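Notes to accompany the following structure.
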There are 2 protein chains.
Amino acid sequence: MTDGQYTKRQKESLKLWIELLRYSNKLEQIIDDKLRQNYGQNISRFDVLSQLARAKPEGLTIGELAGQLIASKGNITGLLDRMQKDGLIEKETKKNDRRSYLVRHTKKGNELFAEMAEKNAQWVETALEDIDIDHMKEFAQFLSKSRNSLD
Amino acid sequence: MTDGQYTKRQKESLKLWIELLRYSNKLEQIIDDKLRQNYGQNISRFDVLSQLARAKPEGLTIGELAGQLIASKGNITGLLDRMQKDGLIEKETKKNDRRSYLVRHTKKGNELFAEMAEKNAQWVETALEDIDIDHMKEFAQFLSKSRNSLD
DNA sequence: TTTATTTATCTTACATGTAAACTATTTTTG
DNA sequence: CAAAAATAGTTTACATGTAAGATAAATAAA
């Protein structure tokens, strides 16, 4: 399959796709490494704690949580089990629906999240320090808008 | 940790970071699903075949290959083992360095890649169809430049 | 040349991601 | 209400990602 068989639009789409993957994966890797080295956590766990931190105080069901997560999608049963074992989250059976239960962060989980979030803001700021703020705004809006058309 | 404790620049960096993760993960997911459903392969395997397709005919060592991969980073031993078992790649011990060996695609692997690449170009084009081509170019250049400053 | 170091890759153990089949419960439909 | 369908989550099996330590070969140093 040579380049000649692709349309101009396909070539540009592929270029953008590759660059997006490269950039995003690299950035994700940088933050993931930092979280692991400094807190023994990874982006999936940070993501879970982040969603629980902004959730209503009684917590979220598995389904609600799964729908909000950015990184991990699939089986979060094991992830939550391990986080519960580490004392970061707790579960409570729902009275009105015995299939379901609520997940919320513990005091320990929330304190850890607060620490990680602060550091994360610094790491991300450093990683993006060469981008001027106007470009950042424009770029973020562009991505947000474009994402809606992916559905 | 409330928003008030972040600087303006940190807030914009975090916004951009989140949007990048959301967009890129979603796009990656769309393509990964398509590859799985249509070819029983995933992005990591597509990535490997893609690098081998553009490599010198004698192939790449594990180290060279690992350095070029976009998606997967860690242990590619198992990935290559499974791909070899599926007849997509082959290995050849290097004569001058017995620690190392060369990996290259088989005929079957390259034919599969050609098919997947063509379909992939169409899927990516469709996913990005709402973005005009000038924005695509600008965006890709921006990402490419910004990525260098991540190192 | 012998020892030490570096390099290339593997092995192990475990965490996470994916798909499909399964269980229990709730809701819908006739 | 009883059967069917939908929902919430789990389980299983396997693929992949990560880190640390091990192995073997090549290279550098004494």
Side-chain angles (χ1 to χ4, degrees), chain A residues 21 24-49 59-86 88-89 91-103, chain B residues 21 24-49 59-86 88-89 91-103:
Chain A
L21 286 183
S24 179
N25 283 338
K26 191 161 191 172
L27 184 52
E28 187 164 354
Q29 195 59 52
I30 288 173
I31 300 301
D32 194 65
D33 285 349
K34 295 271 192 189
L35 287 173
R36 285 172 188 276
Q37 288 163 17
N38 290 277
Y39 299 103
Q41 308 293 319
N42 58 31
I43 284 205
S44 295
R45 284 160 167 247
F46 182 70
D47 197 7
V48 168
L49 290 176
L60 298 172
T61 65
I62 302 289
E64 289 169 334
L65 178 58
Q68 290 178 19
L69 291 179
I70 299 176
S72 92
K73 281 185 49 186
N75 174 27
I76 62 176
T77 304
L79 177 60
L80 293 179
D81 284 350
R82 286 183 294 272
M83 290 181 74
Q84 184 181 33
K85 195 174 293 175
D86 292 345
L88 301 175
I89 63 161
K91 303 173 183 174
E92 183 200 0
T93 309
K94 284 187 82 167
K95 290 282 160 52
N96 54 330
D97 187 342
R98 280 183 301 172
R99 293 170 304 183
S100 193
Y101 62 88
L102 291 167
V103 181
Chain B
L21 286 183
S24 179
N25 283 338
K26 191 161 190 172
L27 184 53
E28 188 165 353
Q29 195 60 51
I30 288 173
I31 301 300
D32 193 66
D33 286 349
K34 295 271 192 189
L35 287 174
R36 286 172 188 275
Q37 288 162 17
N38 290 278
Y39 299 103
Q41 308 292 320
N42 58 32
I43 284 206
S44 296
R45 284 160 167 247
F46 182 70
D47 196 7
V48 168
L49 289 176
L60 298 173
T61 65
I62 302 289
E64 289 170 334
L65 178 58
Q68 290 177 20
L69 291 178
I70 299 176
S72 91
K73 282 186 49 184
N75 175 27
I76 63 176
T77 304
L79 177 60
L80 293 179
D81 284 351
R82 286 183 294 272
M83 290 181 74
Q84 185 181 33
K85 196 174 291 175
D86 293 345
L88 301 175
I89 62 161
K91 303 173 185 175
E92 183 200 1
T93 309
K94 286 187 80 168
K95 289 281 160 52
N96 54 330
D97 186 342
R98 282 183 301 173
R99 291 170 305 183
S100 195
Y101 61 88
L102 290 167
V103 182

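Below, read A as the first sequence line, B as the second, and so on, with proteins coming before strands; counting in each chain starts at 1. If you're wondering where the values come from, they're calculated on a predicted model, not measured in any experiment. Just the heavy atoms: all of them, side chains too, but no hydrogens, waters or symmetry mates, feed the values below.
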Problem - side-chain hydrogen bond (donor to acceptor under 3.5 Å, both in side chains) against A:Arg98, all qualifying residues, sequence neighbours excluded - result: none
Fill in the blank from the handout: To the nearest angstrom, the CD1-P distance between B:Ile70 and D:dG17 comes to 13 Å
Practice task
Write down the distance between NZ (A:Lys94) and C1' (C:dT25), rounded to a whole number of angstrom.
Solution key: 13 Å
Problem - A:Gln37 side chain near D:dA19 phosphate (N/O to OP1/OP2, under 4.0 Å) - result: no
Handout entry: Interatomic distance where CG belongs to A:Asn25 and P belongs to D:dG17 [whole Å]
Key = 10 Å
Fill in the blank from the handout: B:Gln41 atom CD is separated from C:dA19 atom C1', nearest whole Å, by 16 Å
Problem - A:Asp47 CG - C:dG17 C1' separation (whole Å) - result: 14 Å
Exercise for the section: Starting at atom CG of B:Asn96, determine the distance to atom C1' of D:dA26, rounded to an integer number of angstrom. Expected result: 11 Å
Problem - Spacing between B:Gln29 atom CD and C:dG17 atom P, to the nearest angstrom - result: 11 Å
Problem - Donor on one side chain, acceptor on other, B:Gln29 and B:Asn25, under 3.5 Å - result: no
Completion exercise
Quick tally for nucleotides 7-15 of chain C: nucleotides whose base has a protein heavy atom under 4.0 Å get B, sugar-phosphate-only ones S, the rest -, giving BSSSB---S
Exercise for the section: With sequence neighbours excluded, tell me which residues meet side chain to side chain contact (heavy atoms under 4.5 Å, CB included) with A:Arg82. Expected result: A:Arg45, A:Leu79
Problem - Pairing residues for A:Gln68 by the side-chain hydrogen bond (donor to acceptor under 3.5 Å, both in side chains) criterion, not counting sequence neighbours - result: none
Problem - Whole angstrom value for the distance that separates P of D:dA8 from NZ of A:Lys95 - result: 20 Å
Practice task
Check side-chain hydrogen bond (donor to acceptor under 3.5 Å, both in side chains) between B:Asp32 and all other residues, then give those that pass, not counting sequence neighbours.
Solution key: B:Arg36
Problem - With sequence neighbours excluded, residues passing side chain to side chain contact (heavy atoms under 4.5 Å, CB included) with A:Arg99 - result: A:Asp97
